[in-house]
Amino acid sequence: MPAALEDLLRELAPQVLGALVRRYGHFDTAEDAVQEALLAAAQQWPEDGVPGSPRGWLITVASRRLTDLLRREQARQRREDRVGQWGPGPSEPIANTDDTLILLFMCCHPSLSPASQIALTLRAVGGLTTGEIARAFLVPEATMTRRISRAKATVSDSGARFALPADRDERLGAVLKVVYLIFNEGYASTTGPSLQRVELSAEGIRLGRMLHRLLPDDSEVTGLLALMLLTDARRPARTGPLGELVPMDEQDRSLWISELIEEGVGLITAALPRGPVGPYQLQAAIAAVHDEAASAEETDWPQILALYEVLLQLTDNPMVALNHVVAVAMARGPDEGLKQLSTIEDDDRLAQDHRLAAVRAHLLEMSGYTAAARAAYEEAATKTTSVPQQRYLHTRANRL
């Protein structure tokens, strides 16, 4: 399938799902119907051409498929009567509104656990596969499949009205985490031949901008948008000519996108004084320190370390703890970093993540423990399903 068509379908998928849920309800079955409509488009459009209203085409096909699925799901006459009443007439206009944001909040329904809220939104709004979501949560794929199925059924059975909820502030934490996970899966893809999936990181930023327009005075919403912009600014320099990973300290900083850096710095500079300071604001401030350094050698690591110290008081995120280890090593030396690493190595949430072994390898290499560093790089390579990450880690090992 052509890349442009794939991008179009990815952009339209949450809009079509939102339109179906708004019109029919039945969240769980609607998602299946949308997937079948997307498959039909992927098969027909390359040969027949993209229709004049691709969104309307998808909604029409998905609506018909949804009706079929519901009628097969149960033979009860009540369900069939309801479907017949809901079916759009031939003259019914298709709304041009983008329901993605409403769908985002709906996926974060309070009857769901935080983990289920995030998983469901990644599936329905972000378009991630169940395997990708499982890796983001560090759980087996079978576990994630069950979690998403239960979440869809719960939302469908809740009778939630398709509109921005009155309790949106209570759901905002889960929404922000979802948006950031979507962005991260695009910025550093957990699987496949490419390091980055630009369409996903762009979707995360798009959703972040939508949230910022909705809640312009919320400092954490602003912080998240700033964090994504400041991170995405480095994207052009993260890969080499053959798609290989280029670590930050080796990147050509002239390739960094200055407009995104300027926008991100402006956002976080305005947000921090408003308070209270939250995790996304602190991470954005750390990203700003990196982006404003003219070279890797000029990075203000003591300031970054101080920001991580504050961040650790606000979150129990194991990746924050791992990044703090790196900051300790860069500010105080690799031996101090290894000592700090020993305090988090028993965290079960990190056991199967390649980044723990990769950080250990880097610090061992910096300390001169060549054999141990090589073994740690090789261990890290076995724990990632990202091909560019594997190649990078094997290359580091082979250098030793």
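Values below: all heavy atoms of this structure, side chains included; hydrogens, waters and symmetry mates excluded. The first residue of the sequence shown is numbered 1, and numbering continues consecutively from there.
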Distance in Å, Leu215 CG paired with Leu225 CG, rounded so as to fall on 0.5 Å steps: 12.0 Å
Phe105 side chain reached by Leu214 side chain, heavy atoms, under 4.5 Å: yes
Counterpart residues, ring pair (Phe, Tyr, Trp, His ring centres under 6.0 Å), relative to Trp256 (two or more places apart): none
Steps toward side chain to side chain contact (heavy atoms under 4.5 Å, CB included) verdict (Glu185, Tyr180): CA-CA 9 Å; Glu185 181 58 35; Tyr180 192 38; over 6 Å; no
Closest approach of Leu364 to Ala376 (non-hydrogen atoms, all atoms of both residues): CD1-CB, 4.4 Å
For the student: nearest non-hydrogen atoms of Val175 and Cys108, plus distance: CG2-SG, 3.5 Å
Heavy-atom side-chain proximity of Leu322 to Val326 below 4.5 angstrom: no
Under 3.5 Å donor-acceptor, Arg253 side chain and Ala293 backbone: yes
Inter-residue atom distance Leu122.CG - Lys177.NZ, 0.5 Å rounding: 10.0 Å
Check against side chain to side chain contact (heavy atoms under 4.5 Å, CB included), Leu8 and Trp45: CA-CA 11 Å; Leu8 176 62; Trp45 291 2; 4.1 Å; yes
Residues Arg234 and Asp291 bridged, charged N to O under 4.0 Å: yes
Thr382 side chain vs Glu379 backbone, donor-acceptor pair below 3.5 Å: yes
Check ion pair Asp316-Arg349 (N to O, under 4.0 angstrom): yes
All ring pair (Phe, Tyr, Trp, His ring centres under 6.0 Å) counterparts of Tyr377, not counting sequence neighbours: none
Whether Ser342 side chain and Lys339 backbone form a donor-acceptor pair below 3.5 Å: yes
Glu220 side-chain N/O to Tyr280 backbone N/O, donor-acceptor pair under 3.5 Å: yes
Any side-chain donor near an acceptor of the partner, Ser254 and Asp252, under 3.5 Å: yes
Glu336 side-chain N/O to Pro334 backbone N/O, donor-acceptor pair under 3.5 Å: no
Heavy-atom donor-acceptor pair, Ser201 side chain to Val198 backbone, under 3.5 Å: yes
Short side-chain donor-acceptor distance under 3.5 Å, Ser63 and Thr60: no
Any Leu305 side-chain heavy atom under 4.5 Å of His324 side chain: yes
Rounded distance (nearest 0.5 Å) linking atom CD of Glu244 with atom CZ of Arg238: 12.5 Å
Distance, nearest 0.5 Å, that separates CG of Leu227 from OG1 of Thr222: 12.5 Å
Under 3.5 Å side-chain donor-acceptor pair for Arg235 and Gln196: no
Salt bridge present between Glu31 and Arg65 (N-O < 4.0 angstrom): no
Thr299 (side chain) donor-acceptor with Trp301 (main chain) under 3.5 angstrom: no
Where Val246 and Gln251 come nearest, the two heavy atoms and their spacing: O-NE2, 3.0 Å
pair Met319-Asp353: side-chain heavy atoms closer than 4.5 Å: yes
Min side-chain heavy-atom separation Pro279-Leu311 under 4.5 Å: yes
Non-hydrogen side-chain atoms of Arg360 and Glu345 separated by less than 4.5 Å: yes
Lys152 and Asp32: CA distance, side-chain angles, deciding distance, side chain to side chain contact (heavy atoms under 4.5 Å, CB included) verdict: CA-CA 11 Å; Lys152 287 194 289 188; Asp32 293 337; 3.9 Å; yes
Closest heavy-atom pair and its distance - Asp232, Pro236: O-CD, 4.2 Å
Side-chain donor or acceptor of Tyr187 paired with backbone N/O of Thr231 under 3.5 Å: yes
Candidate pair Glu263 and Arg209, rule salt bridge (Lys or Arg N to Asp or Glu O under 4.0 Å), full reasoning: CA-CA 12 Å; Glu263 183 181 0; Arg209 291 191 185 280; 2.7 Å; yes
CG-CE distance between Leu112 and Met106, expressed to the nearest 0.5 angstrom: 10.0 Å
Side-chain touch Gln281/Leu224, heavy atoms, less than 4.5 angstrom: no
Check: Leu12 and Gln15 side chains under 4.5 Å, non-hydrogen atoms: yes
N/O donor-acceptor pair under 3.5 Å between Ser367 side chain and Tyr369 backbone: no
Leu17 versus Val34, closest heavy-atom pair with distance: CA-CG2, 3.8 Å
Heavy-atom closest contact (Pro54 atom, Val50 atom, distance): CB-CG1, 4.0 Å
Interatomic distance, Leu9 atom CG to Leu58 atom CG [nearest 0.5 angstrom]: 6.5 Å
Ile261 with Leu307, same ILVMFWY side-chain cluster at under 4.5 Å: no
Pair Arg396 + Glu365, salt bridge at N-O below 4.0 Å: yes
Donor + acceptor pair across side chains of Ser295, Glu298 (<3.5 Å): yes
Within 45° cone of Phe183 ring axis and under 6.0 Å: Arg206 NZ or CZ: no
Backbone of Ile182 reached by a side-chain donor or acceptor of Glu203 within 3.5 Å: no
Distance-only polar pair, side chains of Gln117 and His109, donor-acceptor under 3.5 Å: no
